[in-house]
Each structure stands twice: as structure tokens, then as C-alpha cells.
Protein chains: 2
Amino acid sequence: MRVVGGPSSTDLARKVSEVLQLQMVKTRTKRFPDGEFYFKFEDDIRGEDLLVVQSLYPPQDKHLMELFIILHTCRDLGAREIIAFIPYLAYSRQDKRYLKGECLSSAVVSEILQKLGVSTLYTVDVHNEDVLKKYKIPTFNLTASPAIAKYISGKGLNRPFVVAPDSEELAIKRAEAAARAIGAQYDYFVKRRNRHTGEIETFTKSMDVEGRDVIIIDDIISTGKTAANAASILKGMGARKVYVGVTHALMMGNAAEILQEAGVEEVIGTDSVSNRFAKVSVAPVLAEAVKNR
Amino acid sequence: MRVVGGPSSTDLARKVSEVLQLQMVKTRTKRFPDGEFYFKFEDDIRGEDLLVVQSLYPPQDKHLMELFIILHTCRDLGAREIIAFIPYLAYSRQDKRYLKGECLSSAVVSEILQKLGVSTLYTVDVHNEDVLKKYKIPTFNLTASPAIAKYISGKGLNRPFVVAPDSEELAIKRAEAAARAIGAQYDYFVKRRNRHTGEIETFTKSMDVEGRDVIIIDDIISTGKTAANAASILKGMGARKVYVGVTHALMMGNAAEILQEAGVEEVIGTDSVSNRFAKVSVAPVLAEAVKNR
């Protein structure tokens with residue numbers, strides 16, 4: 001098996017190849033002046049098993065088309081098996097029709113990935129696991145929250161406490177895994193939509209965070225509002241330092257400022273997203289799953 | 001049959017519905033804060049024949065994903081037949097491997113469109129007709145060059161003359177059709193790559209354009225360099241006014257300035273691309289083809 005790094009995840013692909021001790025396939029990519037993507041294998045891949053690494057963080061559509069073109073080329077040139085490692089699986093929100101006539105965008109992505117020959121999919125902290133049930137191929141939802149918690153714990157925290165910003169089953173599971181990894185306690189907030197204002201509000205029982213360092217564990221930071229809200233409440237309850245540990249730090253718009261203003265000490269993301277918050281690698285997380293396959 | 005307008009071509013879709021006297025399907029689209037696309041049919045489309053209008057000008061990948069999501073929803077909700085009108089068919093350059101290991105991006109697009117249920121494809125002035133041979137469904141390559149020539153001719157030209165900027169078969173055919181539409185003569189330039197500098201150079205026999213108004217007819221203006229080069233040569237041969245009539249006025253970067261500096265009077269594009277150069281509609285071109293089907 002060899003590793004193919006897509007343009008959104010070149011560094012991560014290199015780490016994956018190092019951790020799994022697999023060779024990289026040499027490739028060339030460019031964008032034409034009109035914006036179209038070009039891809040070329042510099043090595044022969046006929047009969048090879050390939051591990052294609054491409055995360056689908058914003059701009060999602062651009063990263064998706066790159067992935068589709070790469071996968072098509074893999075299959076077209078005779079790769080034997082195509083395993084996809086897509087740490088951030090875009091369009092994982094819309095898995096059922098809440099309103100009549102709605103698109104199922106997650107099903108569009110799953111259909112195209114499978115038609116283009118992906119035989120196994122690895123992803124990390126997918127927003128909604130139901131999305132993976134649409135796939136007819138084996139899918140694995142890995143979690144980066146223990147690795148993130150360990151990284152933050154390495155800073156030397158005062159009686160650390162882990163918090164999930166909402167009460168979704170997956171959110172609580174992630175917080176629990178993070179807490180277990182560093183021998184800490186955890187709890188979770190409850191998010192509700194205010195019927196009058198339409199705003200999302202966060203309710204919570206009181207938590208014993210007075211003077212303690214708190215790690216908010218989340219899957220995605222998009223606008224940053226949910227985590228900022230949680231951080232403000234925690235600070236109000238006397239928390240000392242509040243860290244945000246997030247698998248996919250999309251950090252849209254002024255999310256960084258919003259979090260800072262809410263009293264967040266630091267945002268710790270993974271290399272699922274190539275930006276300045278990528279401090280923890282998901283390569284070891286994948287490696288462990290691939291080895292235990 | 002009813003018309004579905006994609007986000008890249010809402011105005012064009014409305015024109016198509018008017019010219020063909022078909023109703024529009026009510027839809028709703030938005031982008032989430034993280035950039036993901038959302039689509040919803042407000043009308044029931046079960047059992048309906050749909051004409052989906054979505055041009056794929058830059059940003060191509062974004063417009064492609066919108067189209068994929070719309071097509072998937074059409075099929076998913078039980079549309080009977082899905083006809084796609086894609087005036088600008090992106091990724092129509094790479095239809096064969098010039099170098100070993102290269103992607104065939106046009107085949108990726110054709111495969112996905114067909115798998116998502118498109119039964120007939122209409123496009124306008126495709127860059128390379130071989131791309132359409134990859135389709136197993138009926139495809140129609142329409143031309144907007146006569147309509148563009150008539151529009152420019154309406155400005156009152158002095159002994160008009162039509163020029164193709166290169167000697168590709170399709171380019172000459174388009175210039176011929178444009179010239180015929182306004183009863184003018186035509187000729188074409190020859191583009192060659194300079195073996196020493198690697199630059200594209202334009203060679204030409206002398207043309208009788210002294211004091212005449214010239215229309216350069218092209219399929220795509222991307223950087224504008226080819227048309228600018230042709231315009232400079234024509235001005236050097238004594239042409240009075242030089243117009244650029246182009247089906248897909250992508251006009252990347254400073255193309256407008258480059259053309260103006262080369263002495264181009266005006267760039268006339270179509271609504272295949274929603275920008276300020278869209279002066280001619282391709283809706284009547286489609287209408288004629290659909291009626292004669």
C-alpha cells in the first residue's frame with residue numbers, strides 16, 4: 001500500500017506515510033488560470049493499493065472536486081484497492097429530510113465516493129454518525145479527542161475538567177474519551193433553541209470548575225459561537241483557564257476573536273484542517289485503526 | 001416539463017422558461033456559515049420532466065457541487081426525466097492523456113452527471129467536442145456565435161469582417177456561422193507555440209481589414225491574451241473598430257484591461273457567464289434546439 005496526498009492534506013499525508021511506514025506516490029497538481037484543477041501521477045500505480053488522504057474543510061466544494069478527480073484517476077489507471085482517509089467529511093449535516101423537498105447532501109457525497117471506487121472510508125469525529133450508515137462500504141469513525149486532551153494536558157493543567165458543549169450522544173462520548181485519556185472528570189452542557197428569539201441558548205447544571213482548568217471538547221468549530229458561549233459560562237462559574245480542543249477547527253470569519261473575547265486561553269485543533277490551529281496530528285489516530293483492521 | 005434554475009444561472013433559467021413557455025419550479029438555496037450548499041424544492045416534482053439550468057463558469061468546483069446536489073435531489077424525489085442545460089461545461093479541456101498518469105477531468109464530470117440521472121445534455125460552444133463523445137446519453141453542442149454576431153452587427157458596423165483567433169476546426173466553424181449570420185466574410189489566425197521561448201505566438205496571412213470593423217469570435221476568454229494578441233494584429237493591419245464576441249466571457253484577472261489596451265472596442269459575452277459582459281442570451285439558442293428535438 002502507498003499513500004496519495006491530496007492538495008488539502010499534503011502535510012498530513014506525509015505524516016500518515018511516516019507513521020504507517022508506507023511510501024508516498026509522487027503526484028503533481030496545479031490550477032489553470034481559469035481555476036480548473038489538474039492532477040497527474042508521476043509514479044505507476046497499476047495494481048497498487050492506495051490510501052488517499054484528502055480532508056474536506058472549507059472551501060469544501062473545491063476540496064471535493066479535487067478528491068473526485070484524484071479518485072477517478074486512481075481507478076482509471078488501475079489501482080487495486082482505494083482506501084480514503086477523509087478526516088473532515090464535509091456535508092455531514094444533512095442526512096435526513098427535516099423539511100419536504102430538501103437535498104440530502106451527505107448522500108450525494110457518499111454516492112459519488114463509492115461510484116468512484118472507494119472501498120473503505122476512514123474519517124475522524126464525523127458530526128453525525130448516521131451519515132456513515134448511508135455507505136455500503138466499510139466506514140470507520142475515529143476520534144481525535146483523547147489525543148487532543150493529552151496535548152492540552154501536557155501544558156500542566158490545574159485539576160483539569162472536561163466539558164462537552166452540548167448533550168448530543170457523540171459529544172458526550174467524545175468528552176468522556178478525552179477525560180478518560182487524562183484521568184479527569186467530565187460533564188456536558190445542554191443547548192436549546194429559545195422559542196421566542198430563535199437563538200441557541202446554553203443551559204447547564206452547576207459544575208465544580210472553581211479555580212480549575214477546563215477543556216471544552218468539540219468536533220467542529222465553525223462560527224465559534226457555541227464554544228464561546230460555553231466558555232463564558234465556565235468563566236462565570238470561576239474556571240481558571242478554558243481551552244477549546246476541537247478536531248475540526250474550521251474557524252470561519254472572526255471565530256478566533258469571538259473565542260478570545262469569551263475568555264478562551266487557546267484553541268487546539270488537529271491537522272484535519274490545515275491552519276494555524278492544527279497542533280495535534282490525526283495521523284497516529286488513523287495508524288492505530290489501520291493496524292488493528 | 002418545468003425549469004429548475006441553479007444558483008449560477010437564475011436569470012438565464014428564467015429566460016429559458018419564458019422563451020420555452022415552461023413553468024419554473026420554486027426552489028430555495030443557501031450557503032451555511034461554513035460554506036456548505038443547501039438546496040430545497042418548494043414544489044412537488046414527483047413524476048415531472050425537469051430542465052435543470054446551471055452553467056459551470058468559475059468558481060467551477062462550487063458550481064459543479066451545486067449541480068450535483070440539485071441533480072441528486074431531482075432523482076431522489078422522483079423526477080421522471082432530467083435534462084441538463086449547462087451552457088459552460090467546465091473541465092472540457094482534458095479529454096485525453098497527453099502525458100502518462102494525467103487525470104481525465106472531463107470524464108469525471110461526465111461520469112458523475114450520468115450517474116446522477118441526467119438523460120440529455122445541452123451545452124453551448126464546448127471547447128472540445130471530443131469531450132461529449134465520452135457521454136452515453138444524447139448530447140447537443142449548440143452555438144451562440146450567430147446570435148453574438150447579430151448583436152454586434154446591430155451597432156452599425158463598417159464593412160464587417162469576422163475573424164477566428166486560431167485555426168482549430170471548431171473555431172473556424174464558429175467564425176463561419178457568425179459571418180454567415182450577418183452576411184460578412186471571415187478568416188482565421190494560426191496560433192503556434194514558439195519553440196525557443198515557449199510563448200504562444202499568432203501568425204497570419206494578411207487580411208483585408210483596412211478601415212473595416214472586425215469581430216473576433218471566440219468560445220472562451222480566460223486570461224484574454226489570445227484575443228488581445230489577435231486584436232493588436234488586426235489594429236496593426238488598419239482595422240477600424242475591433243469587437244470581441246465570446247460565448248463564455250470568463251474574463252479572469254485583468255483580462256478586461258488587457259483587451260482594452262490591445263485596442264478592443266467592446267467585449268460581448270452571453271449569459272452563459274453571469275457578469276457584466278453578458279449581453280446576449282443563450283436562452284433562444286437552447287429553445288430552438290429543444291423545439292427541433
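Being a predicted model, the structure only gives us computed values, none of them experimental. So you know, we letter chains A, B, ... as the sequences are listed, proteins then strands, and number each from 1.
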**Fill in**
Ranking A:Ile112, A:Ile45, A:Asp44 by heavy-atom pairs under 4.5 Å to chain B gives rank one to A:Ile112
**Item:** Closest heavy-atom pair and its distance - A:Cys103, B:Ile69
**Value:** CB-CG2, 3.6 Å
**Message:** Do B:Phe37 and A:Gln60 have side chains that approach each other closer than 4.5 Å (heavy atoms only, starting at C-beta)?
**Reply:** no
**Prompt:** So how far is it from A:Leu64 CG to B:Asp61 CG, rounded to the nearest 0.5 Å?
**Reply:** 9.0 Å
**Message:** Around atom CD of A:Gln260, are there more than 12 heavy atoms from other residues, nucleotides or ligands closer than 6.0 Å?
**Reply:** no
**Asked** Considering only heavy atoms from C-beta outward, does the side chain of A:Tyr38 approach that of B:Glu102 to under 4.5 Å?
**Response** yes
**Prompt:** For the atom pair CD1 (A:Ile221) and CG (B:Asp34), what is the distance rounded to the nearest 0.5 Å?
**Reply:** 12.5 Å
**Message:** Within a 6.0 Å radius of atom NZ on B:Lys136, are there more than 12 heavy atoms belonging to other residues, nucleotides or ligands?
**Reply:** no
**Complete:** So CE of B:Met65 and OG of A:Ser105: to nearest 0.5 Å the spacing works out to 8.0 Å
**Message:** Heavy-atom count check: over 12 atoms from other residues, nucleotides or ligands less than 6.0 Å from A:Glu168 CD?
**Reply:** no
**Item:** Whether over 12 other heavy atoms sit under 6.0 Å from B:Lys26 NZ
**Value:** no
**Heavy atoms from other residues, nucleotides or ligands near NZ of A:Lys225 exceed 12 (cutoff 6.0 Å)** = no
**Request:** Write down the atom of B:Tyr91, the atom of A:Arg31, and the distance for their closest heavy-atom approach.
**Result:** OH-NH1, 3.9 Å
**Fill in**
Max heavy-atom pairs within cutoff under 4.5 Å with chain B, candidates A:Ile70, A:Val109, A:Leu99, A:Thr27, goes to A:Leu99
**Fill in**
chain B shares the most heavy-atom pairs under 4.5 Å, among A:Arg93, A:Met252, A:Lys115, with A:Arg93
**Request:** Show your reasoning for whether side-chain contact (heavy atoms from CB on, under 4.5 Å) applies to A:Lys62 and B:Lys62.
**Result:** CA-CA 7 Å; A:Lys62 194 172 153 185; B:Lys62 193 173 155 185; over 6 Å; no
**Asked** Take atom NZ in A:Lys40; do more than 12 heavy atoms of anything else shown fall under 6.0 Å from it?
**Response** yes
**Asked** Salt bridge or not for A:Arg75 and B:Glu111, using N-O below 4.0 Å?
**Response** yes
**Asked** Can you say whether B:Pro33 sits under 4.5 Å from chain A via the side chain, the backbone, both, or neither, judging by heavy atoms?
**Response** both
**Request:** May I ask you to test the A:Leu104-B:Asp76 pair for a side-chain heavy-atom distance under 4.5 Å?
**Result:** yes
**Request:** Could you check which of A:Cys74, A:Ala107, A:Pro58 has the highest count of heavy-atom pairs closer than 4.5 Å to chain B?
**Result:** A:Ala107
**Whether over 12 other heavy atoms sit under 6.0 Å from B:Arg97 CZ** = yes
**Request:** Before accepting this row, confirm whether a basic side-chain N of the pair B:Lys100/A:Asp43 lies closer than 4.0 Å to the acidic partner's carboxylate O.
**Result:** no
**Interface residue of largest heavy-atom contact number with chain A, from B:Val108, B:Leu77, B:Thr73, B:Ile220, under 4.5 Å** = B:Val108
**Prompt:** Should we count CD of B:Glu257 as having more than 12 external heavy atoms under 6.0 Å?
**Reply:** yes
